Amino acid sequence: MAIRRGRGVAAVNYPTGMNLGGDPSQALVHSTPTGNFMVTLSSVDLGQGLKQVMAQICAETIGVKTEQVIIDTADTDTGPHCMGTFASRGTHRIGNAVIQAAKEARQVMLEVAAEALEVDAGDLETDGEGNIHVKGAPQKSISIFDTALMAHFKLGRSISGRGMFLVPRSYPEVETGAMKPSTCYAHACTVAEVDVDDETGEVTVVSIKNVFEIGRALNPKMVEQQLVGGSWMGISHALYETTEPYYPARDHAGTDFNEYLMPGPGDIAPTEIVVLERPAEDGPYGAKGPGEMCANPQIPALANAIFDAVGVRIDMMPITPERILRALKEQRATAH
Amino acid sequence: MAKVPVQFSLNGEEKAEFVDSGSTLLKVLRDKMGDTSPKGGCLQGTCGSCSVVVDGELRLSCLTLAETCDGADIQTTAGLASDGVLHPLQRAFMDEFAAQCGFCTPGMIMAAKVLLDANPDPTREDVIEALSGNVCRCTGYEPIIRAVLTAARSNSQNAA
Ligand code: FES
Ligand code: FES
């Protein structure tokens with residue numbers, strides 16, 4: 001009986017978003033009387049940073065500072081349609097909708113400014129600081145605040161835009177079953193190192209090294225935050241967490257926090273994260289979806305590492321000491 | 001149900017309320033006193049999100065009866081910032097990106113505060129031990145551990 005070290009690797013090719021009956025998200029953008037911009041969504045921020053990233057996307061597209069954008073995700077009853085924030089789809093789908101809405105709003109904004117400055121809208125540009133000026137003649141300028149006031153009080157126009165992003169439903173080809181469930185894919189690869197105690201079946205994760213390819217990281221710190229938390233969640237799914245330990249039987253299933261094995265800060269593994277950026281052609285400023293994707297490669301990598309350590313293949317999650325011991329017992333029985 | 005009077009200091013302010021006998025401190029803080037910084041996660045003492053400090057000790061407010069806190073000095077995350085200046089722990093949680101959904105954050109911060117009050121220069125193991133009663137779904141814990149160590153360092157720099 002001994003502690004055995006093993007190493008495993010796994011890679012995933014992960015669709016951004018999903019495709020059941022089509023995958024739409026909408027956004028509405030309008031200027032407020034203070035020259036700020038409001039983005040109305042019904043996409044929920046679960047803490048992954050959707051509001052921040054949508055504000056960045058809108059600001060970048062209209063040509064204002066991020067602080068000038070207000071994101072309202074208040075109500076799924078009254079907001080524009082969104083399929084939801086899941087399946088690593090938020091940044092990509094909603095971001096594209098925000099870009100479209102913001103482009104339309106920017107166009108109206110430039111038309112209003114063009115009237116004020118008596119020039120052609122095509123000759124105008126934004127300085128990113130809250131002003132619009134004639135290309136090559138920055139002194140011929142109007143603030144976005146004044147532009148909003150002019151639109152509202154003089155021209156009777158609404159500086160606003162509508163955005164819709166839809167990945168249409170993909171039907172499988174009858175002959176081959178081939179289909180196109182997604183328009184872009186993120187990628188990840190994990191190398192896991194484990195110690196397995198072949199007497200107790202206990203697994204200690206010695207290290208987890210991940211590489212994530214996520215298009216463009218629109219907010220690098222928040223991406224890192226997602227990846228660190230997601231990597232840990234992957235380990236937790238691989239080794240600890242389940243509501244159905246003896247699926248399909250419900251025996252011993254946890255019914256509350258006392259019985260559901262949720263690891264704490266003492267159980268984390270030394271983790272490395274590397275981010276690769278290969279912008280997606282149809283991504284908002286190149287972004288793909290890192291959220292759900294990042295919690296996947298750890299699971300097969302750990303299963304492979306355990307196989308490498310003690311020679312048993314566990315194909316049920318989580319890989320508990322009990323499952324490892326049963327597999328080892330079977331291995332010994334067939335060896336004789 | 002019979003009401004009982006309770007009186008305690010909450011973040012330095014004297015509070016008095018008539019509460020249903022048997023009410024938890026969590027319920028009284030949130031529903032009666034409008035301090036929603038302690039969060040009700042499991043309501044059975046296993047997640048730590050409701051942690052508050054009672055007379056200097058970390059307590060799970062979901063398992064603490066309000067009437068046992070008569071005369072006590074209670075601190076919650078809502079009272080940490082003073083004059084608009086964040087507590088070093090709050091600042092460190094922001095700087096280290098140690099919150100995502102934020103549900104565990106007030107409990108984590110109070111657990112960390114009790115640790116740093118007793119041990120201003122903790123090791124990584126001390127921090128993990130102090131936070132071991134608090135679970136977090138989102139962060140993978142590492143940013144939280146880092147934030148507590150960062151806060152400890154900034155405290156000792158300020159003291160120096
Ligand atoms: S709510 Fe008190 S410990 Fe979970
Ligand atoms: S930040 Fe979401 S539970 Fe900790």
Side-chain angles (χ1 to χ4, degrees), chain A residues 44-53 73 85 90 190 205 207-210 212 217 219-241 254-273 290-292 294-295 298, chain B residues 26 39-51 58 60 62-63 92-112 114-115 122-150:
Chain A
V44 177
D45 191 337
L46 311 163
Q48 75 276 51
L50 177 112
K51 284 182 169 182
Q52 169 66 22
V53 169
T73 57
T85 41
T190 295
V205 183
S207 72
I208 285 278
K209 298 187 166 80
N210 306 286
F212 297 106
N219 186 311
K221 280 302 277 184
M222 291 179 110
V223 164
E224 183 192 325
Q225 183 186 43
Q226 278 292 292
L227 300 180
V228 170
S231 176
W232 164 242
M233 205 183 276
I235 298 175
S236 200
H237 288 322
L239 299 179
Y240 306 114
E241 292 186 52
T255 53
D256 59 24
F257 270 74
N258 271 323
E259 295 171 354
Y260 183 86
L261 191 52
M262 170 81 185
D267 302 302
I268 60 177
T271 299
E272 267 179 53
I273 306 276
E292 182 179 282
C294 68
Q298 302 78 19
Chain B
L26 177 67
K39 308 288 179 225
C42 65
L43 305 180
Q44 60 179 183
T46 49
C47 77
S49 68
C50 65
S51 303
L58 192 66
L60 299 172
C62 74
L63 294 186
F93 267 65
M94 275 178 59
D95 291 346
E96 298 290 348
F97 284 69
Q100 284 186 37
C101 77
F103 204 86
C104 69
T105 313
M108 290 284 182
I109 288 185
M110 293 326 273
V114 170
L115 167 73
T123 62
R124 185 183 162 87
E125 283 61 44
D126 295 335
V127 173
I128 288 174
E129 177 66 30
L131 301 180
S132 62
N134 297 62
V135 292
C136 173
R137 176 77 279 174
C138 311
T139 62
Y141 299 107
E142 185 62 41
I144 298 177
I145 297 167
R146 248 185 281 149
V148 178
L149 290 168
T150 302

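Since we're looking at a predicted model, the values are computed, not measured. Here is how names work: the chains are called A, B, and so on, in the same order as the sequence lines, proteins then strands, and each is numbered from 1.
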Item checked: Closest heavy-atom pair and its distance - B:Gln44, A:Phe257 -> OE1-N, 3.0 Å
Margin query: Tell me whether B:Tyr141 contacts the main-chain N or O of A:Pro263 through its side chain, where contact means a donor paired with an acceptor under 3.5 Å.
Written below: yes
Next item on the list: Please state whether the side chain, the backbone, both or neither of B:Ile145 comes within less than 4.5 Å of a heavy atom of chain A.
Entry: side chain
Notebook entry, point to check: What's the shortest heavy-atom distance between A:Met262 and B:Cys136, and which atoms?
Noted result: CE-O, 3.2 Å
Check: A:Pro265 and side chain to side chain contact (heavy atoms under 4.5 Å, CB included): which partner among B:Val135, B:Val148, B:Leu131?
Finding: B:Leu131
Notebook entry, point to check: More than 12 heavy atoms of other residues, nucleotides or ligands under 6.0 Å from CD of A:Glu259: is that the case?
Noted result: yes
Note to self: Report which part of A:Glu241 has an atom under 4.5 Å of a heavy atom belonging to chain B: side chain, backbone, both, or neither.
What the structure shows: side chain
Next item on the list: Compare every heavy atom of B:Arg137 with every heavy atom of A:Met233, then report the nearest pair and how far apart it is.
Entry: CE-O, 3.2 Å
Margin query: Please classify the contact of B:Cys138 with chain A as side chain, backbone, both or neither, using a heavy-atom distance under 4.5 Å.
Written below: backbone
Notebook entry, point to check: Which atom names give the shortest non-hydrogen contact between A:Ile268 and B:Gly140, and what distance separates them?
Noted result: CG2-O, 3.4 Å
Note to self: Let's test your reading of the structure: which of B:Ala99, B:Gly133, B:Gly102 forms the most heavy-atom pairs below 4.5 Å with chain A?
What the structure shows: B:Ala99
Checklist line | For chain A, the option from B:Thr46, B:Asn134, B:Ile128 that forms the most heavy-atom pairs under 4.5 Å | finding: B:Thr46
Check: What is the minimum heavy-atom distance between B:Ala98 and A:Gln225, and which atoms define it?
Finding: N-NE2, 4.4 Å
